[in-house]
Amino acid sequence: MNLKGKHFLSCDDWTKEELDVVFKRTMELKKQFHNEEQHLHLPWKTLFMIFFEQSTRTRNSMEAGMTQLGGHAHDLTADKMQISHGEVAKDTAIILSRMGHGIAVRNCFYGIGKKYLDEMASSSHKPIMSLQDDVYHPFQGLADLQTIFEHFDPNPKGLKVTVSWAYANTHSKPLSVPQTQALLFPRYGIDLTIAHPKEFPLSDFIVKKAKANALASGSTIKFTNDMDAAFENADVVIPKNWGGFGAYGVQEYLDNEEACKAEMSENLAKHKDWICDDRRIKLASKNVKLMHALPADRNNEVTDEILDNPNISIVFDEAENRLHTAKSIMSLTM
Ligand code: CP
């Protein structure tokens, strides 16, 4: 299967057969990395990475990944580029695609990020990769699924996974991680429960598509406003904060940004009890595993006791898998 040149903007744009090729390559690359064997799939090739926001895992998995594949990644931020003087996505994409072999962008501004990436993709003849936007975080979705395959089964049909909103007071996190999981997990037969306070829904079009994906693959997807009920008998729990963006249409939000942010902040303060702690973990399956995209807001989203429990927490395996899955996508598309 030839995936060279294919954009990676959402896992939902890739067929299951294509994603299976990605996971197969991931396993090969992971083995070679641990055996310290060379695997120079991209000698002399250049990836341009543009970050509009901070990153630890994404930035370093991509940059280290490019080095290990024999190429080089430019670590760019919008303020270092003419983007800060108004150069548009289309022009940036055309120019960088003439100089290198791939462009990867993180832009999570609600109503703006995915649009920016789509504009780049329509003008670039080299693959555009989303390093997270306001709608999707496809690299995170791949690492999550790879971690589930390793800790449970390469065919996770019937596995009960709960993605739950959790309280955090750091910043309004994008919807992109739970939305990616909502679309991707059911395609692999996972029975998914998504829990959130009523003020923190996912975007309507994602909920509809996630239900369609579950129906097509014979899995189930449930939505609830009860965190305790969502934890009952779960094999995997993913407690994770996200902002209340999904309660607003994009235009409604962009036209009333300050008012929406103030309302989101008021709503957030009502739900400090949405935490993954020992009491809630005991509601889940006896061998439950904790996953989290990280960074975790410790003792708000999840207690230290659970996050640092090696019998429960697989968050660092999940973080490491960001490297191997990123290398797989880059080596197949660039
Ligand atoms: N999970 C994730 O995307 O981490 P970073 O924000 O550190 O890249």
Side-chain angles (χ1 to χ4, degrees), residues 8-12 22 26 30 47-68 73-79 102-110 112-114 116-117 128-148 150-151 161 163-166 168-185 202 236-243 245 276 289-298 300-302 307 313-330:
F8 185 56
L9 300 173
S10 157
C11 296
D12 228 47
V22 173
T26 297
K30 185 166 184 174
L47 173 73
F48 299 105
M49 306 189 296
I50 308 172
F51 284 91
F52 287 79
E53 285 97 3
Q54 299 82 349
S55 165
T56 296
R57 279 141 291 269
T58 306
R59 185 192 303 281
N60 292 295
S61 59
M62 301 294 286
E63 186 162 350
M66 276 304 289
T67 303
Q68 292 162 24
H74 290 210
D75 181 8
L76 302 163
T77 51
D79 63 301
I103 304 171
V105 180
R106 169 172 285 192
N107 185 338
C108 300
F109 295 107
Y110 188 59
I112 293 171
K114 173 76 166 76
Y116 188 92
L117 277 145
I128 302 289
M129 296 165 231
S130 172
L131 300 179
Q132 185 175 24
D133 55 51
D134 54 322
V135 185
Y136 301 120
H137 194 352
F139 280 109
Q140 186 62 50
L142 292 183
D144 292 344
L145 209 43
Q146 177 66 27
T147 309
I148 287 172
E150 291 171 4
H151 280 274
V161 175
V163 170
S164 176
W165 186 92
N169 60 13
T170 50
H171 64 291
S172 283
K173 301 183 190 193
L175 298 168
S176 47
V177 171
Q179 293 196 153
T180 297
Q181 294 162 339
L183 296 186
L184 182 61
F185 290 177
L202 303 184
V236 177
V237 290
I238 310 181
K240 162 97 178 71
N241 180 259
W242 59 84
F245 303 103
C276 174
K289 298 294 177 207
L290 171 84
M291 291 177 60
H292 192 296
L294 301 179
D297 193 336
R298 282 174 173 262
N300 280 320
E301 291 177 307
V302 52
L307 191 65
S313 177
I314 55 173
V315 298
F316 298 114
D317 292 343
E318 184 183 358
E320 181 193 318
N321 279 331
R322 290 296 308 276
L323 173 72
H324 309 301
T325 46
K327 285 164 69 179
S328 177
I329 289 287
M330 291 190 289

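Read the numbers this way: they start at 1 and go in the same order the structure lists the ligands and their atoms. For clarity, every value in this text was computed on a predicted model and none was experimentally measured.
Taking OG1 of Thr325 as the reference point, atom CD of Gln140 lies at 8.0 Å (rounded to 0.5 Å).
In terms of modelled atom types and a separation under 3.5 Å, the side chain of Thr77 and the main chain of Phe51 share no donor-acceptor contact. No side-chain donor-acceptor contact under 3.5 Å links Thr58 to the backbone of Ser55.
Residues meeting the salt bridge (Lys or Arg N to Asp or Glu O under 4.0 Å) test with Glu318, sequence neighbours left out: none.
A salt bridge does not link Glu320 with Arg57: every distance from a Lys NZ or Arg NE/NH1/NH2 to an Asp or Glu carboxylate oxygen is 4.0 Å or more.
Near ligand 1, heavy-atom contacts under 4.0 Å come from Ser55, Thr56, Arg57, Thr58, Arg106, His137, Gln140, Ala293, Leu294, Arg322.
For the pair Arg322 and Phe139, the cation-pi test (distance below 6.0 Å, angle within 45°) is failed.
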